[in-house]
Amino acid sequence: MTGAPLRTAVLGPGRVGTALAMALPPELYRVVAVAGRGRAALARFLAAVPGAAERGAVDAAREADFVLLAVPDDALVPLVRDLAAAGAVRAGAAWVHTAGGHGLAALEPARLAGARVAACHPAQTFPDPETGRASLPGTAWAVTAAAGDLGWARSLVHALGGVPVEVAEANRALYHAGLVVGANGASSVVAQARELLLGAGVPDPEAFLAPLVVAAVRNAAGRGVAALTGPVRRGDTGTLQRHVAELRRAMPEAVEAYLALARLALAQARRAGLEPARADAVEALLREES
């Protein structure tokens, strides 16, 4: 994939599609077309990516050397199927999707029509296109491609400042589940923790949570269950009982989540070496409080 810049079409002008289009080096990828349904997203994309023109999905794909599909996971399979049926696949064009939970099977109609295909998913959050683009350097990408396509797929990731890591087709769903638990799960938990601190009269929860959570996540990502701390890891049933009692009084909607997280932490604490008697005491308390 050398020579003149590849005529690039982006199908899906949302936060991910816009961020990646902004980040593509213009000397390698010239974004000429975008297709999507949301008017606000299309307007934002066109303002952020000079030279791109709004097109229908079939026309955009048919005229492109490189097609970047940045649509929601559930929309990907029917979109590729419909585009292939409409004759939108150019033989030899490169098609890449960014859906974490899908592998090459989602692109099979395009492959059968003559495209080179790869699944390339960035392990990054995109709260908005600008923030997402700024976060791309150093981001790990899960790359799934046939042996003959791995080279150009890796080159794409490198061009976006990322680190390509090969993930087998059969493991894509499990890989994506791991990221969802780690990122979306952590976001939900931290949002709940913020509510608790606000309820406790702490005016700036971020000052407490940001450094603590970042350190905890970094330690857990590197050391696994060995990094676990807190009352469950210590077998401190008294603290757990006081927490649950206070939550029932002040924020009863948080009790179920607290107990679920405590049960998860208990399983990990057992693996990390919590004494069986203490672990059993915590389990009995959690059962009683459930």
Side-chain angles (χ1 to χ4, degrees), residues 8-26 28-55 57 60 66-76 79 96-102 119-143 156-165 175-195 197-198 204-214 217-218 221:
T8 298
V10 178
L11 309 188
R15 292 174 291 184
V16 175
T18 304
L20 297 183
M22 293 166 63
L24 285 170
L28 299 177
Y29 303 88
R30 183 163 62 93
V31 180
V32 297
V34 59
R37 295 180 179 177
R39 299 311 309 172
L42 279 166
R44 181 177 60 189
F45 185 102
L46 293 171
V49 185
E54 181 185 350
R55 305 293 298 276
F66 173 54
V67 177
L68 178 65
L69 299 117
V71 298
D73 287 27
D74 287 352
L76 177 64
L79 175 61
V96 168
H97 77 69
T98 62
H102 285 294
C120 299
H121 175 256
Q124 190 54 263
T125 60
F126 292 80
D128 57 72
E130 293 75 19
T131 302
R133 179 189 185 182
S135 300
L136 285 173
T139 290
W141 289 63
V143 174
L156 168 65
V157 173
H158 285 308
L160 290 165
V163 180
V165 178
Y175 151 80
H176 195 226
L179 294 189
V180 169
V181 170
N184 303 128
S187 295
S188 297
V189 169
V190 172
Q192 180 70 80
R194 182 178 183 275
E195 293 297 319
L197 290 182
L198 287 171
D204 183 12
E206 183 179 2
F208 287 83
L209 287 173
L212 176 65
V213 171
V214 168
V217 168
R218 183 179 294 114

*T139 side chain to A123 backbone, donor-acceptor under 3.5 Å*: no
_Looking at R133 and M22, would you say the former's side chain and the latter's main chain have a donor-acceptor pair under 3.5 Å?_
yes
*Between V10 and T18, is any pair of side-chain heavy atoms under 4.5 Å apart?*
no
*Would you mind reporting whether V31 and F45 have side-chain heavy atoms less than 4.5 Å apart?*
yes
Nearest-0.5 Å distance, [atom1] of residue [X] to [atom2] of residue [Y]:
| X | Y | atom1 | atom2 | answer |
| --- | --- | --- | --- | --- |
| L156 | T8 | CG | OG1 | 9.0 Å |
| E206 | L212 | CD | CG | 13.0 Å |
| R194 | L209 | CZ | CG | 9.0 Å |

So, for [X] and [Y], which heavy atoms are closest and what is the spacing to 0.1 Å?
| X | Y | result |
| --- | --- | --- |
| R55 | A33 | CG-CB, 3.8 Å |
| P25 | A159 | CG-O, 3.4 Å |
| H102 | D73 | NE2-O, 3.1 Å |
| L136 | A19 | CD1-O, 4.4 Å |
| P127 | R15 | O-CD, 3.3 Å |
| P164 | V157 | N-CG1, 3.6 Å |

*List for me each residue that meets side chain to side chain contact (heavy atoms under 4.5 Å, CB included) alongside L46, sequence neighbours excluded, and say none if there are none.*
V34, A52, E54
Within a reach of under 6.0 Å around [atom1] of [X], are more than 12 heavy atoms found that belong to other residues, nucleotides or ligands?
| X | atom1 | value |
| --- | --- | --- |
| D74 | CG | no |
| R44 | CZ | yes |
| E130 | CD | yes |

*Between L24 and L160, does a side-chain contact (heavy atoms from CB on, under 4.5 Å) hold up when you go through it step by step?*
CA-CA 6 Å; L24 285 170; L160 290 165; 3.8 Å; yes
*In terms of the angle between their ring planes, are F66 and Y29 parallel, tilted or perpendicular, with boundaries placed at 30° and 60°?*
tilted
